[in-house]
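Just below is one structure, and these are the notes that go with it.
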Amino acid sequence: MVFLRGINCMAVVDMFKKLLDAYGSFFGLTHPLSKSLLLLCTLMHPVVGLMGVIGALSVLTSRKLLGFSGENEYVEVVNGLLLGMLFGSFYQCDAGAVCLTVIGGLLVVLVSAMLTETMTKHFRLPLLGLPYVVVAYLMLPFVQYCPLLPAFPPPAAVIPDLHNAALDWLSPLGAIYFNGTAAGGLIVLLALAVSSRYLAALGLMSCMMLTALLNMLAVPDLL
């Protein structure tokens, strides 16, 4: 009995490690602190972060049940993570949304397998986020007929009020992890800086160029 519990604990730890690795694999970050900061960024919107975790765990569980090899595992987990955060950004974390997210995780695994056998092997193209996009469109009919409750803004205590001109231009970095706030952007920048100063510098330059371009085009701030 104790042996079985030990095995279960090891499986949970291994799954959590793979989950953290998926957060870092967005930008190829390997430092544990970077991965933890990115997880924190998503959890600042609790529903978004939780649904993302559910989507990623659904992919990991589906792969294990189907007996798939480790090939493309992190790519698929990232796609499940994105799909879960997408659901969390539009709907509350109720039974219906959780069920759809779990089903979506399974579809991510199946769609990834089909795309790998066709697009990747024949055309030598990477999967990237294509399974997430395909599954999101496949789920649209289910979403239309399920009585899902729309998402509501997180409480102010969860998202610190850093809304000022000095930090707002960092929000596009946070939006990559479905947290388009100045606080989210700052956390993502710190995560990048921990693993790679060059990547952090590229992120800063991208944000500055994007903000300048949007201001020149008079695009309203929708983040």
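As the structure is a computational prediction, the values presented were derived from the model and not from experiment. We number each residue from 1, following the sequence as shown.
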Quiz prompt | Short side-chain to backbone donor-acceptor contact, Thr211 and Met208, under 3.5 Å | solution = no
Quiz item: Looking only at heavy atoms, which two atoms of Ala182 and Leu170 are closest? And how far apart?
Solution: O-CB, 4.5 Å
Quiz item: Do Tyr74 and Phe27 share a hydrophobic cluster (ILVMFWY, side-chain heavy atoms under 4.5 Å, transitive)?
Solution: no
Self-check item: Close side-chain approach of Met139 to Leu107, heavy-atom, < 4.5 Å
Solution: yes
Practice problem: Could you give me the CA-CA distance, side-chain angles and deciding distance for Glu73 and Leu60, then say whether side-chain contact (heavy atoms from CB on, under 4.5 Å) is met? | Solution: CA-CA 8 Å; Glu73 182 177 60; Leu60 286 169; 4.0 Å; yes
Practice problem: Would you please test Asn179 and Val188 for side-chain contact (heavy atoms from CB on, under 4.5 Å) and show each step? | Solution: CA-CA 10 Å; Asn179 183 358; Val188 173; over 6 Å; no
Self-check item: Where Leu128 and Val75 come nearest, the two heavy atoms and their spacing
Solution: O-CG1, 3.5 Å
Quiz prompt | side chain to side chain donor-acceptor pair (under 3.5 Å) involving Ser196 - partner list, sequence neighbours excluded | solution = none
Practice problem: Using a 4.5 Å cut-off on heavy atoms from C-beta on, say whether the side chain of Leu86 contacts that of Tyr132. | Solution: yes
Quiz item: Any idea which heavy atoms bring Thr61 and Met15 closest together, and the distance?
Solution: OG1-CE, 4.3 Å
Self-check item: Cluster check Val111, Leu140: I/L/V/M/F/W/Y, side chain < 4.5 angstrom
Solution: yes
Quiz prompt | Euclidean distance, Leu81 CG relative to Leu57 CG, rounded to 0.5 Å | solution = 9.5 Å
Exercise. Quick one: pull up CG in Leu189 and CG in Leu186 and give me the separation to the nearest 0.5 Å.
Key: 6.5 Å
Quiz item: If you look at every heavy atom in Ala22 and Val78, which pair is closest and at what distance?
Solution: O-CG2, 3.4 Å
Quiz item: Do Val109 and Tyr137 sit in the same hydrophobic cluster, where Ile, Leu, Val, Met, Phe, Trp and Tyr count as joined when their side-chain heavy atoms come under 4.5 Å apart?
Solution: yes
Exercise. To the nearest 0.5 angstrom, please state how far the CE atom of Met85 sits from the OG1 atom of Thr101.
Key: 11.5 Å
Quiz item: How many angstroms lie between atom OG of Ser195 and atom CG of Leu190, to the nearest 0.5 angstrom?
Solution: 11.5 Å
Quiz item: When rounded to the nearest 0.5 angstrom, what distance separates CG in Leu66 from CG in Leu110?
Solution: 6.5 Å
Practice problem: Specify the closest pair of heavy atoms between Leu148 and Ala97, including all atoms of both residues, with the distance to one decimal. | Solution: CD2-N, 3.5 Å
Quiz item: If only atom types and distance count, is the side chain of Ser62 paired as donor or acceptor with the main-chain N or O of Ser58 below 3.5 Å?
Solution: yes
Practice problem: Before giving the answer on side-chain contact (heavy atoms from CB on, under 4.5 Å), spell out for Lys35 and Asp21 the whole-Å C-alpha distance, their side-chain angles and the decisive distance to 0.1 Å. | Solution: CA-CA 7 Å; Lys35 301 172 189 176; Asp21 289 342; 2.4 Å; yes
Quiz prompt | Closest non-hydrogen atom pair between Cys93 and Met51, with its separation | solution = SG-SD, 3.7 Å
Quiz item: Is there side-chain contact between Asn79 and Leu127, with at least one heavy-atom pair below 4.5 Å?
Solution: no
Practice problem: To the nearest 0.5 Å, tell me how far Ile187 CD1 sits from Leu192 CG. | Solution: 12.0 Å
Quiz item: Which residue pairs satisfy the ring pair (Phe, Tyr, Trp, His ring centres under 6.0 Å) criterion with at least one member in residues 174-203, sequence neighbours excluded?
Solution: Phe26-Tyr177
Quiz item: Considering residues at least two apart in sequence or located in another chain, which fulfil the ring pair (Phe, Tyr, Trp, His ring centres under 6.0 Å) criterion with Phe16?
Solution: none
Practice problem: Apply side-chain contact (heavy atoms from CB on, under 4.5 Å) to the pair Tyr23 and Thr42, showing each step before the final yes or no. | Solution: CA-CA 10 Å; Tyr23 282 91; Thr42 62; 3.7 Å; yes
Quiz item: Can you find a heavy atom in the side chain of Phe87 that is under 4.5 Å from one in the side chain of Ile54?
Solution: no
Quiz item: Is Met216 linked to Met209 within one hydrophobic cluster, defined over Ile, Leu, Val, Met, Phe, Trp and Tyr using a side-chain heavy-atom separation of less than 4.5 Å?
Solution: no
